[in-house]
Amino acid sequence: MSVVLVDAHNLAVFRPGRPLFEDASITVKQGERVGVLGVNGAGKSTLLRIFSGRTEPDSGTIRWGRNVRISFLDQETELKPGTAASNVGFHWKGTALLDRLGLDKQLIDAEVSTLSMGQARRTALAASLALESDLLILDEPTNHLDLDTTEWLEAELKRFQGGVVIVTHDRQLLAKATTRVIELQEGLVYQHRSYQSYLQARAVRQSSADTTEFARRKLAQQELAWLRRSAPARTRKSKARIKKAKAVIANDQQQSIRHSRLDLNSVSADRMTPRLGDKVVELHDVVIGYDSAKPIVRGLNLTIGRRERLGIVGANGVGKSSLLDVIAGRLAPQAGRVSKGPTVRIGYYDQRLSVLPGNLRVFEVVTAPGASSPTWWESAMLERFWFDADAQRAPVELLSGGERRRLQLVSTLASAPNVLLLDEPTNDLDLDTLRALEDFLADWPGALIMASHDRSLLDRVVDDVIVLDGTGRAGKWPGGYAAWLEHRRSLRRKHRVMRLQRFDEQQVLTDDCVTHSTSNHRIAALDGRVGTQSRVDTQDGRVATSGGNEDQAGLSPKRGYSGSGRARCARKGNAGRSVSTIRFELRTTERMLKKYQEQVASLQVRLEDSTSDYEASDYKTLARLGDELAEAIKRKDLTEELWLRLSLELDERTASC
């Protein structure tokens with residue numbers, strides 16, 4: 001039975017005027033990976049801090065398993081004075097993690113006070129992963145991670161043997177790496193079997209809420225019409241009925257803000273996007289950097305059109321933010337020229353929250369300096385971003401990280417830009433805001449240039465990408481993010497095949513012949529049955545089975561192929577194996593691949609059936625099925641690699657014959 005790591009009952013946390021959440025009863029067991037979702041300000045970070053023991057709930061109880069070790073990554077980066085290495089620990093694991101997260105030797109030994117926001121964030125993540133822990137609690141761990149590192153983190157979380165509780169806006173990470181989802185919405189706590197189940201339940205709940213909202217609005221309109229009747233009639237009205245009618249109308253005014261969907265497209269598009277001329281921004285032989293000896297981008301020529309949909313991709317530290325700064329005019333290029341059209345008005349949504357002083361009130365962020373109140377348009381725009389009348393007068397310092405990012409987006413759009421620059425716009429935003437932002441950007445009438453690691457956002461919004469490779473080269477890749485990603489995958493497949501070929505070349509045997517026993521070894525190893533292994537008998541084409549000792553002898557170099565096979569190979573000299581031999585191995589590998597694909601599909605169905613009723617699930621069975629599925633996927637992947645290598649070998653042999 002799985003070990004309980006943390007067990008919470010009836011947790012409640014309140015904020016002035018409203019509860020963050022109530023009656024939250026949540027148990028996390030070993031092997032579970034729990035995603036926590038909710039709009040900004042719903043209490044996600046607060047819940048994680050309670051699980052970590054750093055915050056006390058207002059009511060309810062929480063218990064941790066005996067000797068449970070907890071590692072916690074807070075939303076606010078917390079590093080101790082010293083170097084990055086001293087924060088992570090002076091051991092091989094910490095050094096390896098820092099290197100994997102993109103901090104080189106110079107940065108590892110640098111004082112944390114000199115690190116950028118992204119570097120400090122990655123140092124904090126490395127420190128969390130380096131600890132020997134049973135419960136890993138991560139609040140927005142993918143912020144400031146590039147695409148490769150996000151995929152690496154996804155794999156690490158899947159391999160982690162303990163429990164994981166994670167808040168993230170990365171939808172692919174939620175879909176692939178979590179086994180359960182907790183949703184916080186308007187003080188209530190919903191639990192879902194998976195991210196897909198969350199999406200389905202949310203859609204059903206939203207449809208029901210829309211129906212209820214329509215009925216409530218209709219009732220409010222009826223009550224308002226009743227109150228507006230002539231004064232003589234009003235004098236004869238029941239005081240209780242008048243009080244009830246006013247309550248319905250007041251509730252309608254409040255609900256229309258709190259329960260409305262975030263619809264950015266309804267915010268006066270004509271006022272937000274002045275007409276853009278033919279010339280927008282042009283870069284001519286631009287060199288970008290801070291050290292003249294080591295430019296981060298060199299020789300970049302770029303013409304941005306009126307309806308540009310451009311993504312900027314690359315690893316951390318290759319100059320994505322610097323390129324945006326140059327386009328925005330914040331950073332002068334080391335060489336080259338940047339020219340802008342006369343009608344260009346740039347709105348820059350960057351990663352720096354420092355532009356939102358905590359002592360300001362919310363409405364003061366979007367109004368003119370010294371204004372005592374927002375205009376009707378500014379107030380309406382804030383309401384569209386879920387800042388009601390009370391929230392508009394709240395101090396910025398009381399907002400959550402996600403709410404600050406949402407307010408920063410309001411401020412950017414309120415400046416009425418027609419060229420929109422976005423630097424990691426998804427950091428700290430909740431999923432509802434992300435979906436609304438995607439819809440808005442898809443119909444944005446101006447030019448859009450965006451640096452992002454969000455795979456879903458890039459795939460949906462941009463048409464082309466600028467690729468920065470870290471060596472100073474930068475170029476435009478047509479076809480957008482999907483085309484670039486497929487190119488990267490093809491390169492990775494090619495590199496895997498080359499590694500396999502180099503491995504096989506080391507298995508060259510005597511008589512100047514290349515035996516295919518390597519392939520037999522692989523197919524045998526993939527079968528995974530205890531006590532026996534399958535191998536290809538090259539004498540008659542059958543698949544034979546043998547025990548451990550006999551199998552080792554049967555697949556030895558001198559017995560891995562028949563005499564006739566050696567003779568055929570000898571006749572070809574050093575040219576390699578015959579086409580028929582390769583085709584035979586390819587057919588055998590295809591049969592094995594089909595077998596493993598069927599195993600994976602069957603185990604996925606069984607796992608889904610076992611988790612259909614979460615409360616009644618047998619955790620031991622779930623853990624066993626999960627292990628079997630992981631092993632089956634591993635065998636399938638290895639067989640696919642072998643099939644690919646054989647296919648390429650066959651192509652080369654048939655082309656040369």
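- Looking only at distances, a side-chain donor or acceptor of N301 sits under 3.5 Å from a matching main-chain atom of D285.
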For this session: Walk me through it: do E424 and H144 pass the test side chain to side chain donor-acceptor pair (under 3.5 Å)?
Result: CA-CA 8 Å; E424 294 298 344; H144 306 288; over 6 Å; no

For this session: Report the C-alpha separation of L457 and M450 in whole Å, then their side-chain angles, then the decisive distance to 0.1 Å, and conclude whether the side chain to side chain contact (heavy atoms under 4.5 Å, CB included) test is met.
Result: CA-CA 10 Å; L457 183 65; M450 174 175 62; 3.5 Å; yes

For this session: Verify side chain to side chain contact (heavy atoms under 4.5 Å, CB included) between R309 and W444, making sure each step is shown before the conclusion.
Result: CA-CA 10 Å; R309 292 289 181 276; W444 170 252; 3.7 Å; yes

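- Side-chain N or O atoms of S71 include one that pairs as donor or acceptor with a backbone N or O of S128 at under 3.5 Å.
- F387 carries R406 over the face of its six-membered ring, with the cationic atom under 6.0 Å from the centre and within 45° of the normal.
- Note that CG of L323 and CG of L331 are 10.0 Å apart. Values are rounded to the nearest 0.5 Å.
- Salt-bridge formation is detected for the pair K476/E308: a Lys NZ or Arg NE/NH1/NH2 atom is positioned less than 4.0 Å from an Asp or Glu carboxylate oxygen.
- The structure places CZ of R298 at 12.5 Å from CD1 of I288, a figure rounded to the nearest 0.5 Å.
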For this session: Show the numbers, then the answer: is there a side chain to side chain contact (heavy atoms under 4.5 Å, CB included) between F51 and I26?
Result: CA-CA 10 Å; F51 279 177; I26 302 167; 3.9 Å; yes

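- With N418 contributing its side chain and T343 its backbone, the two residues share a donor-acceptor pair below 3.5 Å.
- Between D139 and S45, the side chains place a donor N or O and an acceptor N or O closer than 3.5 Å (distance only, hydrogens not considered).
- In terms of modelled atom types and a separation under 3.5 Å, the side chain of Q392 and the main chain of F363 share no donor-acceptor contact.
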For this session: Test L136 against L129 for side chain to side chain contact (heavy atoms under 4.5 Å, CB included), laying out the working first.
Result: CA-CA 8 Å; L136 190 57; L129 297 176; 3.7 Å; yes

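- Without hydrogens or angle criteria, T142 side chain to L145 main chain gives no donor-acceptor distance under 3.5 Å.
- A distance-only check finds a donor-acceptor pair linking the side chain of T375 to the backbone of E378 [under 3.5 Å].
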For this session: Check the pair E78, R121 against salt bridge (Lys or Arg N to Asp or Glu O under 4.0 Å), reporting the backbone distance first and the verdict last.
Result: CA-CA 8 Å; E78 298 179 350; R121 183 68 178 170; over 6 Å; no

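- Checking D469 against T471 by side-chain atom types alone, a donor-acceptor pair falls below 3.5 Å.
- Atom CZ of R473 has 12 or fewer heavy atoms from other residues, nucleotides or ligands within 6.0 Å.
- You'll find the side chain of L107 reaches within 4.5 Å of the side chain of Q119, heavy atoms only.
- A distance of 12.0 Å separates NZ of K158 from OG1 of T179, quoted to the nearest 0.5 Å.
- Remark: I296 CD1 to Y290 OH distance equals 5.5 Å, nearest 0.5 Å.
- Using a cut-off of 4.0 Å between Lys/Arg side-chain N and Asp/Glu carboxylate O, R49 and D74 are scored as salt-bridged.
- Of the possible polar contacts, one joining the R345 side chain to the S415 backbone as a donor-acceptor pair under 3.5 Å is found.
- In this structure a side-chain-to-backbone donor-acceptor pair under 3.5 Å is missing from W377 to A380.
- Closest of all the heavy-atom pairs between L458 and S452 is CD1-O, 3.4 Å.
- Looking only at atom types and distance, the side chain of S411 has no donor-acceptor partner in the side chain of Y349 under 3.5 Å away.
- At least one side-chain heavy atom of T123 sits under 4.5 Å from a side-chain heavy atom of L98.
- Looking at E438 and R171, a side-chain N of the basic residue comes within less than 4.0 Å of a carboxylate O on the acidic one, giving a salt bridge.
- The closest donor-acceptor contact from the side chain of R100 to the backbone of W152 lies at 3.5 Å or more, if one exists at all.
- Under a 3.5 Å cut-off, the side chain of R122 and the backbone N or O of L101 do form a donor-acceptor pair.
- We find that D423 and K320 are not joined by a salt bridge, their nearest charged nitrogen and carboxylate oxygen being 4.0 Å or further apart.
- A side-chain donor from one of R405 and Q408 sits under 3.5 Å from a side-chain acceptor of the other.
- Considering all non-hydrogen atoms of both residues, P333 and V338 come closest at CG-CG2, 4.2 Å.
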